[in-house]
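The structure appears below as structure tokens.
In what follows, every heavy atom counts, from backbone to side chain, and hydrogens, waters and symmetry copies are set aside. Residue indices begin at 1 and follow the sequence shown.
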Amino acid sequence: MMLANRTAIVFGGGGAIGGAAARAFAREGARVVLAGRTASKLEAIARDIRGAGGTADTAVLDVFDAVAVRDLVDAVAAEADGIDIAMVAVGFAHVQGTPFLDLTLADFVHPVDAYLRALFVTAQAVARPMVKAGSGVILTLSTPGSRLTWPGFLGYGIACAAKESFSRRLAVELGPHNIRVVCLMPNAVPETIACGSHAREVFAPLAAREGLTVEEMLAQPQEIPALRRFPTLDEVAEAAVFAASPRAGAITGAVMNLSCGLVTD
């Protein structure tokens, strides 16, 4: 088991990607703590993990509440004698598709502020016990929006680019303490829509302008990935397991391209 005897916190653990990663972490032997805003979603994932023989706990919190996040991290670290893995898989509804001349300052700033604040608060909280232990892995999430230059995606595109930049710089900050930071960059994952992801709310206006449902829009991507498909939740979760495991011990400050070739390195 790749993550045996490790403790993982997944912020946004009730979401589609966070939940998939948490299940995969638990399957590989990790004790998982699911943190997020919605108790029912967290408990649903936890039940799946326990039903499969894994160990999972839940914590309802707001990732913008630095005190609550740090209290949770400190409690988990004290009980488990440290934290080995932290994944920041939180998502926030935001505006996509609005032309620059029609974009409000608030809509532009919101995703940049929300995602970076969440990253800073959670990463700083988990870094403290990881530094004390002299090891750890922090996983972040981006999208190909960090590189694509389509019109109408100014705020979110900059937010994704900033998340990747934050991850690289955090890797340099924490590297001397044997803490790795890896950013996963999946393309859109259609399965998340059926899981109740905020992506439906984000994509709905874009689809409506084309006279399509969200599902139809995702079946007809604006640009065709090299593999002619989108990544699956399982593929993203397996990449997270690998990145968090000793098998990826030499990888830090990297962006793992899971876009199915929508963007290439």
For the pair V236 and V189, evaluate side-chain contact (heavy atoms from CB on, under 4.5 Å) and give the outcome as yes or no after the intermediate values. CA-CA 9 Å; V236 177; V189 183; 4.3 Å; yes
The test is side-chain contact (heavy atoms from CB on, under 4.5 Å); show your working for L148 and V263 and say whether it passes. CA-CA 8 Å; L148 297 172; V263 295; 3.7 Å; yes
Begin from the C-alpha positions of R23 and I45 and carry the test side-chain contact (heavy atoms from CB on, under 4.5 Å) through to its verdict. CA-CA 7 Å; R23 291 186 187 97; I45 304 298; 3.0 Å; yes
Show, in sequence, the C-alpha distance, side-chain angles and deciding distance for R169 and E164, and conclude whether the salt bridge (charged side-chain N to carboxylate O under 4.0 Å, His left out) test is met. CA-CA 9 Å; R169 285 159 175 77; E164 293 177 15; over 6 Å; no
Take T140 and L119, measure what side-chain contact (heavy atoms from CB on, under 4.5 Å) needs, and give me the verdict at the end. CA-CA 8 Å; T140 65; L119 270 180; 3.5 Å; yes
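Taking hydrophobic clusters as Ile, Leu, Val, Met, Phe, Trp and Tyr residues chained together by side-chain heavy-atom distances below 4.5 Å, M130 shares a cluster with V88. Each of V76 and M87 belongs to its own hydrophobic cluster when Ile, Leu, Val, Met, Phe, Trp and Tyr are linked at side-chain heavy-atom distances under 4.5 angstrom. Note on V241 and I83: separate hydrophobic clusters, where clusters join Ile, Leu, Val, Met, Phe, Trp and Tyr whose side-chain heavy atoms are under 4.5 Å apart, directly or indirectly.
In this model, a donor atom of one side chain and an acceptor atom of the other lie less than 3.5 Å apart for N257 and S259.
No side-chain heavy atom of F25 sits under 4.5 Å from any side-chain heavy atom of R6.
For A16 against L233, the heavy-atom pair with the smallest separation is O-CD2, 3.8 Å. Taking each heavy atom of M2 and P246 in turn, the nearest pair found is O-CD, 3.6 Å. Among all heavy-atom pairs drawn from T7 and G82, the shortest one is CB-O, 4.0 Å. The two residues C160 and T143 make their nearest non-hydrogen contact at SG-OG1, 3.2 Å. For the pair A244 and L139, the tightest heavy-atom approach, listed with the atom from each and the gap, is CB-CD1, 4.2 Å. The two residues I17 and P186 make their nearest non-hydrogen contact at CD1-CG, 4.5 Å.
To the nearest 0.5 Å, atom CD1 of residue I179 and atom CG of residue D84 are 11.0 Å apart. The NZ atom of K163 sits 11.0 Å away from atom CG of L184, with the distance rounded to the nearest 0.5 Å. The structure places OG of S146 at 9.5 Å from OH of Y156, a figure rounded to the nearest 0.5 Å. For the atom pair OG (S245) and CD1 (I85), the distance works out to 8.5 Å, reported to the nearest 0.5 Å. Atom NZ of K132 sits about 8.5 Å away from atom CG of D81, to the nearest 0.5 Å. Note: F108 CZ to L154 CG = 5.0 Å, rounded to the nearest 0.5 Å.
With salt bridges taken as basic N to acidic carboxylate O contacts below 4.0 Å, none links D48 and R27. Contact check on E235 versus R229 returns a salt bridge, with a Lys/Arg side-chain nitrogen under 4.0 Å from an Asp/Glu carboxylate oxygen.
Within the structure, every pair that satisfies the side-chain hydrogen bond (donor to acceptor under 3.5 Å, both in side chains) test and touches residues 55-64, not counting sequence neighbours, is listed here: R31-D57, E43-T58.
In this structure, the side chain of H94 does not engage the main chain of V109 through any donor-acceptor pair within 3.5 Å. The backbone N or O of A248 sits less than 3.5 Å from a side-chain atom of R180, completing a donor-acceptor pair. A donor-acceptor pair under 3.5 Å is absent between the side-chain atoms of T38 and the main chain of S40, judged by distance alone. A donor-acceptor pair under 3.5 Å is formed between the side chain of R50 and the backbone N or O of A56. The backbone N or O of A161 lies less than 3.5 Å from no partner atom in the side chain of S165, so there is not a single donor-acceptor pair. Between the side chain of Q96 and the main chain of F153, no donor-acceptor pair closer than 3.5 Å is present.
Between F166 and F120, the two ring planes are perpendicular [angle over 60°; tilted spans 30° to 60°].
Evaluation of the ring-ring contact (aromatic ring centres under 6.0 Å, His included) rule for F64 yields F92 as partners, not counting sequence neighbours.
Under a cut-off of 6.0 angstrom, the local environment of CZ in R37 is sparse, with at most 12 non-hydrogen atoms contributed by other residues, nucleotides or ligands.
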